[in-house]
2 protein chains.
Amino acid sequence: MVRKSASGRIGIADVAVKAGVSHATVSRVMNGNFTVDPEIAARVRAAAVELKYQPNPVGRSLALGKTDTIGIVVPDLANPTFQAILRGLSRAAAQDGYRVLIADSFEVSSEETILAGEARRRCDGLVLCAPRMSDAELEEIAPSLRPLVLINRTTAAAGVPSLVVDYGQGVQDIAEHLVELGHTRLAFLAGPPRSASNNLRLQGLEAFKAAHPQVEVTMLEGGSDFDTGHGAVDAVLESGATGILAFNDLVAMGLMSGLHERGLDVPGDISVTGFDDIPFARYTTPTLTTAAVPITELGEQAWHQLRALIRNEESDAPGSRYQPKLEVRASTGPAKAARTAVHG
Amino acid sequence: MVRKSASGRIGIADVAVKAGVSHATVSRVMNGNFTVDPEIAARVRAAAVELKYQPNPVGRSLALGKTDTIGIVVPDLANPTFQAILRGLSRAAAQDGYRVLIADSFEVSSEETILAGEARRRCDGLVLCAPRMSDAELEEIAPSLRPLVLINRTTAAAGVPSLVVDYGQGVQDIAEHLVELGHTRLAFLAGPPRSASNNLRLQGLEAFKAAHPQVEVTMLEGGSDFDTGHGAVDAVLESGATGILAFNDLVAMGLMSGLHERGLDVPGDISVTGFDDIPFARYTTPTLTTAAVPITELGEQAWHQLRALIRNEESDAPGSRYQPKLEVRASTGPAKAARTAVHG
DNA sequence: ATGAAAGCGCTAACAC
DNA sequence: GTGTTAGCGCTTTCAT
């Protein structure tokens with residue numbers, strides 16, 4: 001029995017009526033099933049075009065058990081790193097006909113769990129970006145979120161690949177670079193406390209300190225944006241360090257700006273380094289020494305991993321590690337005679 | 001008849017079985033229907049918790065005819081302007097329990113129509129961000145996309161509010177500022193050709209030229225990123241202009257960087273202005289004179305408009321106009337004695 | 001107050 | 001080859 005669609009919108013039933021066939025046939029035609037008589041198929045297609053019929057994805061999703069949508073949960077959509085990941089992910093997924101649903105947790109780790117679950121139920125898979133939740137919680141919810149890909153975080157839960165940038169190694173490379181320039185007093189302007197990538201940087205610094213006991217490394221609290229860097233000038237000067245490793249490029253830029261306002265020269269008085277190599281980094285004055293992370297590619301790879309899981313294929317690289325690449329530019333230079341700490 | 005859910009996942013039927021009630025009752029409880037006996041309701045809730053049951057949003061969407069999701073179509077997710085709009089939109093929508101589905105058209109205007117339609121069918125409403133398509137096409141498809149909100153674009157189609165930034169006025173304010181500083185030869189480093197906001201800027205410049213016939217305004221082709229600005233140094237110098245209006249802050253930063261490399265001083269030799277007032281603008285060297293656009297707020301307002309349409313309420317402000325605010329910083333200064341055009 | 005049943009729009013197994 | 005029918009998981013009349 002064929003009824004006309006009840007709602008206002010054009011449904012498969014309307015096309016069926018117009019073409020004088022059953023809605024099953026319409027469905028077949030719309031899905032390219034070749035067992036349909038060419039003549040009838042043409043009639044159906046004509047009716048569909050005339051009525052501007054487009055299958056309702058919700059009905060389709062319910063019947064097929066898939067949504068052709070993936071979700072991504074990020075701690076902060078304002079952060080350029082996550083924007084870049086989102087961009088890479090969205091572009092790659094789009095090429096395979098998948099859309100992306102975004103969920104911003106605004107750095108509230110308790111919210112993350114809820115958001116992730118909700119997003120996952122609407123989608124065929126999930127990318128969890130540098131989640132702020134604890135290892136225990138992550139491991140507990142991970143199975144229920146699969147297919148799941150982790151970025152900048154790992155978990156003991158099975159079948160959950162993760163893509164992580166080796167921030168630890170990157171920080172060590174930067175520190176080595178500063179030491180080679182003669183710096184013996186360094187300071188690290190840290191990122192958000194719960195950030196996994198910040199922890200990796202801290203671990204890297206520990207390794208560095210162990211290898212270079214003669215170098216003094218001061219730890220300063222921070223954040224991930226310009227203002228953090230700009231506001232850290234006092235603390236930086238107080239530390240007496242001549243080589244500053246900022247959490248990321250944004251922080252470095254804010255810091256350089258603040259130092260400039262104080263009449264200090266970079267790298268003449270102080271060398272500053274960033275992290276990420278965002279496009280801005282090569283246009284700052286001076287241009288910024290940093291560690292390049294192929295961050296958009298990370299988003300793209302996340303999709304490839306997720307796609308493999310969704311298709312139930314063997315993942316070719318279950319968990320990849322990305323090595324940042326040191327980019328030496330103009331914000332770092334030889335250490336000048338040791339500065340004395342400035343107090344106040 | 002109550003059957004257990006067929007698929008692997010926990011469904012409403014499983015909870016019904018466990019609680020010894022019909023799934024209708026479970027549905028009532030899950031939706032806070034108070035006609036259910038408190039004792040039974042408690043039993044159902046307990047069963048739901050124990051089974052970790054969460055209603056399937058797809059089934060819900062099909063039954064309710066709504067998805068609690070909105071879509072946003074942007075021409076380029078890499079553009080900070082659209083990122084900011086997305087952020088504002090996402091944050092505001094999340095507060096009302098709505099999620100955001102993104103569709104990036106990658107500046108391909110033919111793709112926009114398809115993407116918009118697809119996104120719309122999965123969502124309860126759509127935000128179309130500075131679409132590149134023609135007025136005719138926009139007007140034609142707009143009705144089928146409603147509830148629809150336009151950003152930086154208007155249409156004759158009925159019931160489609162739009163939020164537009166008055167880029168024309170902003171550009172005029174900047175140009176006036178440069179004239180007051182004594183500049184008589186200006187150049188505009190344009191944005192993407194199909195960009196509506198670029199057209200608005202061009203219109204603003206026409207108005208400016210009409211009001212200031214004595215001022216020479218050179219038009220230069222451009223784009224919307226750093227590289228555009230950086231690569232425009234030759235053209236800028238060739239123009240002989242002393243006051244350069246860059247399409248946006250990114251272009252301005254690229255240009256300043258390029259000028260710096262040539263040993264030219266900003267604003268000593270040339271004044272440079274941006275547009276948007278992205279956070280970076282106050283940290284460049286020199287700090288950037290620009291026109292501030294409350295772009296995140298724009299995304300937020302887009303949601304409020306869309307929400308009103310979805311709820312079928314009267315929109316309180318059917319189509320708002322945002323005035324950019326001139327921010328004078330250090331990248332603009334008095335014109336020095338007229339430079340002669342540099343050739344080659 | 002609760003269960004049975006219809007229906008949201010679609011796909012797919014099953015008959016013919 | 002095509003129509004009939006039974007779901008997909010949920011909400012919501014309509015009976016009781």
Side-chain angles (χ1 to χ4, degrees), chain A residues 1-45 47-48 51-68 118 120-124, chain B residues 1-17 19-44 47-48 51-68 118 120-124:
Chain A
M1 174 192 57
V2 174
R3 287 166 306 87
K4 267 198 74 179
S5 166
S7 77
R9 298 207 161 258
I10 300 295
I12 198 171
D14 302 285
V15 181
V17 169
K18 177 139 202 144
V21 295
S22 74
H23 54 273
T25 296
V26 176
S27 174
R28 290 188 185 103
V29 172
M30 296 306 292
N31 292 295
N33 186 324
F34 289 114
T35 70
V36 180
D37 182 295
E39 197 174 316
I40 293 187
R43 216 165 67 214
V44 169
R45 260 186 288 272
L51 295 174
K52 295 193 209 294
Y53 167 69
Q54 297 288 131
N56 176 330
V58 179
R60 232 167 159 264
S61 292
L62 188 58
L64 293 173
K66 67 195 199 91
T67 61
D68 292 342
E118 266 187 1
R120 175 61 186 85
R121 255 169 277 122
R122 296 175 186 276
C123 298
D124 300 343
Chain B
M1 173 192 59
V2 174
R3 289 166 306 91
K4 267 198 73 179
S5 166
S7 77
R9 301 207 160 257
I10 300 294
I12 198 172
D14 302 285
V15 181
V17 169
V21 296
S22 74
H23 54 273
T25 297
V26 175
S27 174
R28 291 189 184 100
V29 172
M30 296 305 293
N31 293 294
N33 186 325
F34 289 113
T35 70
V36 179
D37 182 294
E39 197 174 314
I40 293 187
R43 217 165 66 214
V44 169
L51 293 174
K52 295 193 208 295
Y53 167 70
Q54 298 288 131
N56 177 330
V58 179
R60 234 169 157 260
S61 292
L62 188 57
L64 293 172
K66 66 193 199 97
T67 60
D68 292 342
E118 265 186 5
R120 175 61 186 83
R121 255 168 278 124
R122 298 176 185 275
C123 299
D124 299 344

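All chains are named by letter (A, B, ...) in the order of the sequence lines, taking the proteins before the strands, and each is independently numbered beginning at 1. Computed from a prediction, not measured in an experiment: that's the story for all the values here.
- Between the side chain of A/Arg28 and the main chain of A/Asn31, no donor-acceptor pair closer than 3.5 Å is present.
- For the pair A/Phe34 and A/Leu62, nearest-nucleotide mapping onto DNA chain D gives the more 5' position to A/Phe34.
- Atoms CZ (B/Arg121) and C1' (C/dC8) sit 17 Å apart, rounded to a whole Å.
- For the residue pair B/Asp14 and B/Arg9, the shortest heavy atom distance occurs at OD2-O, 4.0 Å.
- With rounding to the nearest 0.5 Å, the separation of CG in A/Asn56 from CD1 in A/Ile10 is 12.5 Å.
- The distance from atom CG of A/Leu51 to atom CD1 of A/Ile12, rounded to the nearest 0.5 Å, is 12.0 Å.
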Could I get a table of every N or O pair under 3.5 Å where one atom is in the protein and the other is in nucleotides 10-13 of chain D?
unit_1, atom_1, unit_2, atom_2, d
D/dC10, OP1, B/Tyr53, OH, 2.8
D/dC10, OP1, B/Asn56, N, 2.7
D/dC10, OP2, B/Ile12, N, 2.5
D/dT11, OP1, B/Asn31, OD1, 3.2
D/dT11, OP1, B/Asn31, ND2, 3.0
D/dT11, OP1, B/Arg60, NE, 2.7
D/dT11, OP2, B/Ser27, OG, 2.6
D/dT11, O5', B/Ser27, OG, 3.4
D/dT13, O4, B/Arg28, NH2, 3.4

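- A side-chain donor-acceptor contact under 3.5 Å links B/Ser61 to the backbone of B/Pro57.
- Counting to the nearest Å, the P atom of D/dT2 and the CZ atom of A/Arg43 are 8 Å from each other.
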